[in-house]
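Notes follow once the structure below has been shown.
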Protein chains: 2
Amino acid sequence: MGATYGQFCPVAKAMELLDERWTMLVVRELVSGSERFNDLRRGVPRMSPSLLSKRMQQLVRAGVVERVQTGSDVRYVLTQAGHELLPVVEAIGTWGVRWIGEIGDEDLDPQLLLWDMHRHVDHDAVPSGRTVISLRFTDVAPSTRDWWLVVDDGAVDVCDADPGFPVSVSIETGLRRMTEVWRGDVSWQAALRARTIEVRGPERLRRALPTWFTWSVFAAVARPA
Amino acid sequence: MGATYGQFCPVAKAMELLDERWTMLVVRELVSGSERFNDLRRGVPRMSPSLLSKRMQQLVRAGVVERVQTGSDVRYVLTQAGHELLPVVEAIGTWGVRWIGEIGDEDLDPQLLLWDMHRHVDHDAVPSGRTVISLRFTDVAPSTRDWWLVVDDGAVDVCDADPGFPVSVSIETGLRRMTEVWRGDVSWQAALRARTIEVRGPERLRRALPTWFTWSVFAAVARPA
DNA sequence: CGGTATCCCCGTCGATACTG
DNA sequence: CAGTATCGACGGGGATACCG
């Protein structure tokens, strides 16, 4: 486990677990709904699998998750203690979105962005049948420029290669701008007006597009004046 | 600054600052009202002064505190961003007090306990004039057994040597038990009934004693069944 | 899919002493 | 009171490869 502080204070005891590198991000993934090892990995791609493995064991020992194995299927299921970390994640994210404004170029990651968007698709809002959203990031290397979100019957796939289906709506913008909009630093409408996001497709879909996502709770947090 | 995560997520950006060792405890001290370097030290006695110094510089750079020097007087004053870390500290402490039940022997520290009690004295509740509370921890080495809290005119002093004033009320108990009561794991009344805390002095003062402290917010947090 | 094993480096932290 | 200076150890964690 992490190093101890030698303090009885509840904050200190909690931080002995939570202040270790990556731990809070793994918890974020868990409270966001990921249960499987490789899904968790997609949320923390820069973390080595061995370290993720170690962290999961620590979280099991701490009583935050339970490792549930059914045959060959392994899932990490939040316990009551784990669910109660949601307010902690929310408090930290709320503070972060208000006070850590500067996003460095190294924080921009199309794969991570798509992965986050993919789990915030509101299936009740997306038209029935297959809906394909294409994204083109104009300011990145060709290999990570084009992405597709394929929404079909309650499932969402992230593709970095053309899945071949007809595209319903296409988005063209900069990765930084798209990230800012996703975080709520810039509103969708403002970006459209400024023409820093271009959307193509039938007007009905273009208008509906922003409602297809249940935007992150942090996107709605008021920013300091 | 701390290592980066390469993620645009507000939680990740916040944790780049907050997950470094000791940082959250220093923030706890700051939101608890400490403003001076040596007061902060008393709240994190196991932290080396050089590391505290480094952390303070990081917190200044991050915009959490402002270093205000007036002549030779130096104070670290919370900014708006700093004040807004209070909900984070509360969320973490609330989780910690519910789910990290086991307090190791190495987490027990009479000096830290007295320092925490000292800043939770409710001056409106304590009788006017000088009030002296003596504490004796029956289960620790003689050198850290006896303590005094001297409350006088809005000021509180922690003494590890007899200040010589007449004692108003004396408390005799184990350090672990006193810590449990202070954290709210055990109620004052229950400890009295179980005779694991003995209080001596005039009955009026004995009864009033628990009201002299504004107990930590975490003490009131409901524990899991 | 769901992890382990290994290796090694670098940076953090702890300890201690000292200063204006 | 409010810090700096120095130094060394250790171990966390990054990278990579591999396994059932």
Side-chain angles (χ1 to χ4, degrees), chain A residues 1-7 12 15-27 29-30 34-62 65-77 106 109 115 155 157-158, chain B residues 1-7 12 15-26 29-30 34-61 65-77 106 109 115 155 157-158:
Chain A
M1 199 119 326
T4 58
Y5 284 118
Q7 297 203 356
M15 289 312 282
E16 287 179 4
L17 174 71
L18 301 176
D19 73 359
E20 285 200 292
R21 186 160 164 74
W22 292 108
T23 297
M24 211 61 215
L25 304 203
V26 173
V27 169
E29 292 305 302
L30 288 163
S34 288
E35 291 189 327
R36 321 190 55 157
F37 193 84
N38 283 327
D39 281 347
L40 291 165
R41 282 197 71 179
R42 279 183 258 277
V44 283
R46 321 261 276 238
M47 189 180 186
S48 78
S50 52
L51 187 53
L52 176 57
S53 173
K54 180 180 174 185
R55 288 287 181 271
M56 295 316 294
Q57 292 171 30
Q58 292 177 296
L59 290 172
V60 168
R61 253 182 293 151
V65 285
E66 196 181 342
R67 186 180 187 278
V68 180
Q69 181 156 14
T70 319
S72 71
D73 182 75
V74 177
R75 291 179 186 268
Y76 292 94
V77 181
E106 63 284 357
D109 181 333
W115 178 249
D157 278 328
V158 176
Chain B
M1 199 120 322
T4 58
Y5 284 118
Q7 296 203 356
M15 289 312 281
E16 286 179 4
L17 174 72
L18 300 176
D19 73 359
E20 284 201 293
R21 188 162 164 74
W22 292 109
T23 298
M24 211 61 215
L25 304 202
V26 173
E29 291 305 302
L30 288 164
S34 288
E35 291 189 327
R36 321 189 56 154
F37 193 84
N38 282 329
D39 282 346
L40 292 165
R41 284 196 70 178
R42 278 182 260 277
V44 284
R46 321 261 277 236
M47 190 181 185
S48 79
S50 50
L51 188 52
L52 175 56
S53 173
K54 181 181 174 185
R55 288 288 180 270
M56 295 316 294
Q57 291 170 32
Q58 292 177 297
L59 289 172
V60 167
R61 254 182 293 151
V65 284
E66 195 181 342
R67 186 179 186 279
V68 180
Q69 181 156 15
T70 320
S72 71
D73 182 76
V74 177
R75 291 177 186 267
Y76 292 94
V77 181
E106 63 284 356
D109 182 333
W115 178 249
D157 278 328
V158 176

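Each chain gets a letter, A, B and so on, in the order the sequences are listed, and its residues count up from 1. The basis for the numbers below is simple: all heavy atoms, side chains too, and nothing from hydrogens, waters or symmetry mates. In this text, all values refer to a predicted model and were calculated from it rather than measured experimentally.
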Using whole Å, report how far [atom1] of [X] lies from [atom2] of [N].
X       : N      : atom1 : atom2 : answer
A:Arg55 : C:dT4  : CZ    : C1'   : 16 Å
A:Arg41 : D:dA15 : CZ    : P     : 12 Å
A:Leu51 : D:dG13 : CG    : C1'   : 6 Å
A:Lys54 : D:dG11 : NZ    : C1'   : 8 Å
B:Met56 : D:dC1  : CE    : P     : 16 Å
B:Arg67 : D:dA2  : CZ    : C1'   : 8 Å
B:Met47 : C:dC13 : CE    : C1'   : 10 Å
B:Asn38 : C:dT19 : CG    : P     : 18 Å

Please pick, from [options], the nucleotide with the shortest atom-to-atom distance to any side-chain atom of [X].
X       : options               : answer
B:Ser48 : C:dG14, D:dG13, C:dC1 : C:dG14
A:Arg36 : D:dC1, C:dC1, C:dC13  : C:dC1
A:Pro49 : D:dG3, C:dT4, D:dG13  : C:dT4
B:Arg42 : C:dC1, D:dC1, D:dG3   : D:dC1
A:Ser50 : D:dT16, C:dA15, D:dC1 : D:dT16
A:Phe37 : C:dG3, D:dG3, D:dG14  : C:dG3

Would you say [N] has OP1 or OP2 under 4.0 Å from some side-chain N or O of [X]?
X       : N      : answer
A:Ser53 : C:dT4  : yes
B:Gln57 : D:dT4  : yes
A:Trp22 : D:dG14 : yes

Which sits closer to the 5' end of DNA chain C, A:Thr4 or A:Tyr76, going by the nucleotide each is nearest to?
-> A:Tyr76
Just how far is it from atom CG of A:Leu40 to atom CE of A:Met56, taken to the nearest 0.5 Å?
-> 5.0 Å
Quick one: pull up CD in B:Glu29 and CE in B:Met47 and give me the separation to the nearest 0.5 Å.
->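 Spacing of CD (B:Glu29) from CE (B:Met47) equals 10.5 Å.
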Over-ring placement of B:Arg42 relative to B:Trp115, 6.0 Å and 45° cut-offs |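 Yes, B:Arg42 and B:Trp115 form such a contact.
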So do A:Ser48 and A:Lys54 actually touch side chain to side chain, heavy atoms under 4.5 Å?
-> no
Can a donor-acceptor pair be found between the side chains of A:Gln58 and A:Arg61 at a distance below 3.5 Å?
->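 Distance-only check fails for A:Gln58 and A:Arg61.
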With heavy atoms under 4.0 Å as the rule, sort A:Arg21 into base, sugar-phosphate or nothing.
-> sugar-phosphate
